[in-house]
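For ligands, and for the atoms within them, numbers begin at 1 and follow the listed sequence. Sequence positions, counted from 1, serve as the residue numbers for this chain. Side-chain atoms are counted along with the backbone in the values below, which use heavy atoms only and exclude waters and symmetry mates.
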Amino acid sequence: ARILEAEQQLSGQALEGSEFQRDLQRALAAPPHAISPKYFYDTEGSRLFDRICELPEYYPTRTERALLAEHAGAIAAVAGTGADLVEFGAGSCSKVRLLLPALQPRRYLPIDISTEHLVDAAVGLRREHPGLHVQPVAGDYTAALRLPDPLPGARRVGFFPGSTIGNFTPEEALQFLRGAARLLRGGGLLLGADLVKDPNVLHAAYNDAQGVTAAFNLNLLARANRELGTAFDLDRFWHSAFYNAAQQRIEMHLVSRCRQQVAVDGHSYVLEAGQALHTENSYKFSIEGLRRLAVQAGFRPGPAWTDPGNLFSVHWLHA
Ligand code: AVI
């Protein structure tokens with residue numbers, strides 16, 4: 001009954017299977033052979049991502065969590081308590097838990113593309129915080145999204161952790177931040193951004209020894225097999241992740257191990273051996289670079305918190 005209750009509160013629009021099909025066909029048909037990383041996140045992909053966050057090599061999650069826990073008081077001092085808190089790409093809503101005691105929001109609106117995962121997370125959060133008004137919104141927060149009206153008198157505070165901003169192209173990041181600045185006017189955005197660092201540390205984080213990141217990348221094809229009726233043989237692809245220093249980003253690709261023919265909804269495509277499908281960019285930032293981007297989008301940068309190793313940063317941006 002509780003799950004039903006949560007589902008009834010869902011608003012927004014879930015991703016349509018046909019959009020995935022169209023984007024996959026485009027990526028297979030012509031250069032730049034790239035597809036949006038948003039397609040990683042079906043239920044299985046979200047589960048794999050949660051496992052990535054626990055990996056010893058994947059420093060961003062634990063570093064950001066430590067920053068949020070350590071600075072929750074200082075964050076509440078700039079963001080204010082009693083806000084209408086909106087999280088973009090909330091996933092399992094685990095990081096917000098570190099902020100709730102200090103921030104004490106009047107309402108929490110987690111937005112995520114993976115509906116089932118979001119519903120489970122919202123149900124768990126309600127159970128832990130019976131007094132908290134949780135209103136999940138299923139949808140693609142990169143698209144124009146209709147949010148419930150702000151609560152009267154409450155400022156809107158956005159939360160965008162995890163350096164998911166780094167999975168956008170620079171143009172998309174600017175566009176997203178511009179939209180967020182409009183949405184959050186009078187409040188602000190708490191933003192997590194991964195920092196430029198030793199490429200070896202980055203390489204290890206995206207090529208973990210247990211192969212979870214590889215499975216996460218390959219899940220894009222597994223998802224197509226489940227949802228679009230394709231017959232990709234996952235053994236014929238390998239996971240490639242490397243740091244592109246000129247672009248300050250990790251790139252992930254699925255590389256064809258051999259010459260092969262694949263089909264999506266009756267259209268066939270030939271993949272040469274070594275041909276890559278570009279599945280993700282993960283941009284890395286400097287504090288100053290991130291602040292410049294925020295100013296361009298209409299924010300006024302406030303404090304930024306980093307760890308002693310300068311691995312990760314959390315920014316308060318006044319909207
Ligand atoms: C969600 N996002 C910030 C992750 C990242 O690090 O770019 C996704 C990820 N891809 C591979 N590992 C984790």
Side-chain angles (χ1 to χ4, degrees), residues 34-65 67-68 87-96 110-114 117-118 121 140-142 159-170 172-173 176-177 189-223 237-244 247-255 276-285 290 293 311-315:
I35 186 163
S36 166
K38 72 183 178 188
Y39 296 115
F40 284 143
Y41 300 95
D42 65 344
T43 302
E44 175 62 8
S46 299
R47 202 184 59 79
L48 285 165
F49 180 65
D50 283 350
R51 280 184 61 202
I52 288 176
C53 293
E54 311 265 295
L55 292 169
E57 299 95 331
Y58 195 74
Y59 62 85
T61 310
R62 62 172 181 278
T63 311
E64 186 180 42
R65 289 183 66 89
L67 287 171
L68 294 173
E87 181 170 355
F88 304 100
S92 32
C93 306
S94 71
K95 286 175 189 160
V96 78
I111 310 175
D112 206 278
I113 206 168
S114 179
H117 204 63
L118 177 68
D140 179 359
Y141 59 87
T142 61
F159 183 40
F160 195 34
S163 202
T164 302
I165 186 88
N167 296 134
F168 295 154
T169 64
E172 286 167 347
F176 168 78
L177 288 174
L189 177 66
L190 188 66
L191 177 70
D194 197 10
L195 296 174
V196 172
K197 61 181 61 63
D198 178 355
N200 292 312
V201 175
L202 289 170
H203 183 88
Y206 292 84
N207 290 280
D208 66 278
Q210 292 173 55
V212 184
T213 310
F216 174 70
N217 196 4
L218 284 160
N219 179 57
L220 189 116
L221 300 179
R223 178 181 185 178
F237 293 86
W238 63 277
H239 160 74
S240 163
F242 57 87
Y243 187 57
N244 177 336
Q247 303 275 358
Q248 284 188 199
R249 69 188 192 202
I250 284 279
E251 294 186 14
M252 294 216 308
H253 299 260
L254 289 165
V255 185
L277 184 65
H278 190 167
T279 49
E280 188 182 60
N281 288 319
S282 188
Y283 282 86
K284 309 303 166 190
F285 302 88
L290 195 287
L293 188 67
L311 294 174
F312 202 88
S313 61
V314 172
H315 300 248

Do F88 and F159 have ring centres separated by under 6.0 Å?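 Ring centroids of F88 and F159 are no less than 6.0 Å from each other.
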Give the residue, atom name and distance (to 0.1 Å) of the protein heavy atom nearest atom 10 (N) of ligand 1.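 Ranking protein heavy atoms by distance from atom 10 (N) of ligand 1, first comes E280 OE1, 2.7 Å.
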Is Y58 in contact with ligand 1, taking contact as a heavy-atom separation below 4.0 Å?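 Contact check Y58 vs ligand 1: positive.
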Report yes or no: does Y283 have a heavy atom closer than 4.0 Å to ligand 1?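 No.
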Which of the atoms in ligand 1, numbered in the order shown and given with their element, are less than 4.0 Å from a heavy-atom of [X]?
X	answer
Y41	1 (C), 8 (C)
S163	3 (C)
F49	1 (C), 4 (C), 8 (C), 13 (C)
S282	5 (C), 6 (O), 7 (O)
G162	3 (C)

Does atom CD of E172 have more than 12 heavy-atom neighbours from other groups under 6.0 Å away?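 It does: E172 CD has more than 12 such atoms within range.
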Any chance CZ of R51 has more than 12 other-residue heavy atoms, nucleotides or ligands included, within less than 6.0 Å?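 It does not: R51 CZ has 12 such atoms or fewer within range.
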Got a salt bridge between E44 and R223, using NZ or NE/NH1/NH2 to carboxylate O under 4.0 Å?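 Judged by the 4.0 Å cut-off on N to carboxylate O distance, E44 and R223 do not form a salt bridge.
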Can you name the closest pair of heavy atoms from A90 and P110 and give their distance?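 Heavy-atom minimum between the residues: CB-CB, 3.4 Å.
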Side chains of L189 and F160: closer than 4.5 Å at any heavy-atom pair?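 Heavy-atom side-chain distance check passes, below 4.5 Å.
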Which of the listed options, I52, I165, D194, N167, holds the heavy atom that is closest to atom 1 (C) of ligand 1?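 Selected option, by shortest heavy-atom distance: N167.
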Do the rings of Y41 and F49 sit parallel, tilted or perpendicular, given the 30° and 60° boundaries?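 Rings of Y41 and F49: perpendicular, over 60°.
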Considering distance alone, does some N or O of Y206 sit under 3.5 Å from an N or O of ligand 1?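 There is such a contact, yes.
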